[in-house]
**Q** 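First the structure, which I've put down as structure tokens, then a few questions once you've had a look.
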Amino acid sequence: MTDSPSARAANLVHLRRRGLKKGDPVPLPLTLAAMYNLPGDPAGFAQYGRFNNPTWDAVEEILGHLEAAPAVAFPSGMAAISATFFSLLKGGDRVLLPSDGYYTTRVLAERFLKPLGVTFDLRATAAYLDGGFDGYRLVFVETPANPGLDLCDIAAVAAAAHAAGATVVADNTTMTAYGQRPLDLGADIVVAADTKAPGGHSDVLFGHVASRDDAVIAAARDWRKLSGAIPGPFEAWLVHRGLETLEVRFDRMCSSAETIARRLREHPKIEAIRFPGLEDDPSHALALAQMDRFGFLIGVTLASQEAAEGFIDRCALIQPATSFGGVHTSAERRARWGDAVAPGFVRLSVGCEPVEELWSAIEQALG
Ligand SMILES: *Cc1c(COP(=O)(O)O)cnc(C)c1O
């Protein structure tokens, strides 16, 4: 297969080579520029730092390579989601959002879309096909949903939503393009927080919008240029560097998560577990059908808040933190943010540590 995830990974690190002149640096230069040399007619040239930056271009080239679609870079995942909402929606439109997805997306809709006359409904990810899509301008899916890890069938949602005249947006943060490609399954737009696994080192916030619809890309670019929600060149440079090793990190993280989920499932201290790779997970058949990997996030429920906090604090190889996708394994008790999950529910983000060392530390901390 020429367009397999491994073919994309192999070519990704050689993309720059095509444009290199003799004597050019092989790695990507960081270009910090508000001004460009611009005498005479400005058309067709880099003009101003809010419009153009060669370091953005480089990160967009590899994001576009991974998505097989043009991509527009943003300073965070929420900036990418905001760009999609504010560049496509107008007063009177209706939006469908997951009730169990990333919390801030719903708060953004409540706080800033609603006053502009854009209404929204919430629906559980696992039941996304129930109730149809009539009357929606935009249908937003997040699968696996963060933090509960329920899935929805992207191809089936896209077919039904398109028949109802809606545009389908998929938040692909939990999987990255190496784990799932929503555009190939029929979604119109991908949004993602590259803050997570693509950056990979927990030192940068970043996001992108990708689409095969030229009008969507043009609108996202206009939004970025006019709203001023532009990524910093250094952040773009860091994410470019992160993307060069994403495949090897993602592979390790997903493989380790499969091993650890199987063992946690048998552990007496674990009351419930969600991981799409487990044969008895309610999402397993769908995961096999639409995902290339099962991801690196595991949801585990311990007996109580105390048991969950104690486990996270005791484990030498778990960093207590919000966010996920870093090289270090991290975890948090999601009820502390008010998510609709059990008090002892922990979202575990499996990192790049050697798996047997990681398992020993987890087993010891579980006691
Ligand atoms: C983290 C996250 C976001 C937001 O990303 P930021 O870079 O923090 O703005 C959006 N969606 C999902 C699913 C996330 O996990």
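Computation of the quantities below employed the complete heavy-atom set of this structure, encompassing side-chain atoms and omitting hydrogens, waters and symmetry-equivalent molecules. Start at 1 and go down the list; that is how both ligands and their atoms are numbered.
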**Q** How are the rings of F51 and Y48 set relative to one another: parallel (under 30°), tilted (30 to 60°) or perpendicular (over 60°)?
**A** perpendicular
**Q** Could you tell me the residue and atom name of the protein heavy atom closest to atom 14 (C) of ligand 1, and the distance to it rounded to 0.1 Å?
**A** K196 NZ, 2.9 Å
**Q** Would you indicate which of S323, G77, A79 comes nearest to atom 6 (P) of ligand 1 when only heavy atoms are counted?
**A** G77
**Q** Out of all atoms in ligand 1, which are within 4.0 Å of some heavy atom of E142? Include the element for each.
**A** 13 (C)
**Q** Taking atom types as modelled and ignoring hydrogens, do the side chains of Y178 and D251 form a donor-acceptor contact shorter than 3.5 angstrom?
**A** no
**Q** Please write down residue, atom name and distance for the protein heavy atom closest to atom 5 (O) of ligand 1.
**A** A193 CB, 3.1 Å
**Q** Please state which protein non-hydrogen atom is closest to atom 4 (C) of ligand 1 and give its distance, to 0.1 Å?
**A** Y102 CE2, 3.4 Å
**Q** Quick one: does W359's side chain have a donor or acceptor within less than 3.5 Å of a partner on I260's backbone?
**A** no
**Q** Identify, for atom 7 (O) of ligand 1, the protein heavy atom at the shortest distance, and state residue, atom and that distance.
**A** T195 OG1, 2.6 Å
**Q** With rounding to the nearest 0.5 Å, note down the distance linking CD in E258 to CZ in R263.
**A** 12.5 Å
**Q** By number and element, which atoms of ligand 1 are closer than 4.0 Å to a non-hydrogen atom of F324?
**A** 15 (O)
**Q** Is it true that E67 and R181 make a salt bridge, defined as a side-chain N closer than 4.0 Å to a carboxylate O?
**A** no
**Q** Can you tell me which residue and heavy atom of the protein come closest to atom 11 (N) of ligand 1, and the distance to 0.1 Å?
**A** D171 OD2, 2.7 Å
**Q** Is the shortest distance from a Lys or Arg side-chain nitrogen in D184 or R212 to a carboxylate oxygen in the other one below 4.0 Å?
**A** yes
**Q** Quick test of your reading of the model: are D339 and R347 salt-bridged, counting only N-O distances below 4.0 Å?
**A** no
**Q** Could you list which atoms of ligand 1 come closer than 4.0 Å to a heavy atom of N146?
**A** 15 (O)
**Q** For atom 9 (O) of ligand 1, what is the nearest protein heavy atom, given as residue, atom name and distance?
**A** M78 N, 2.8 Å
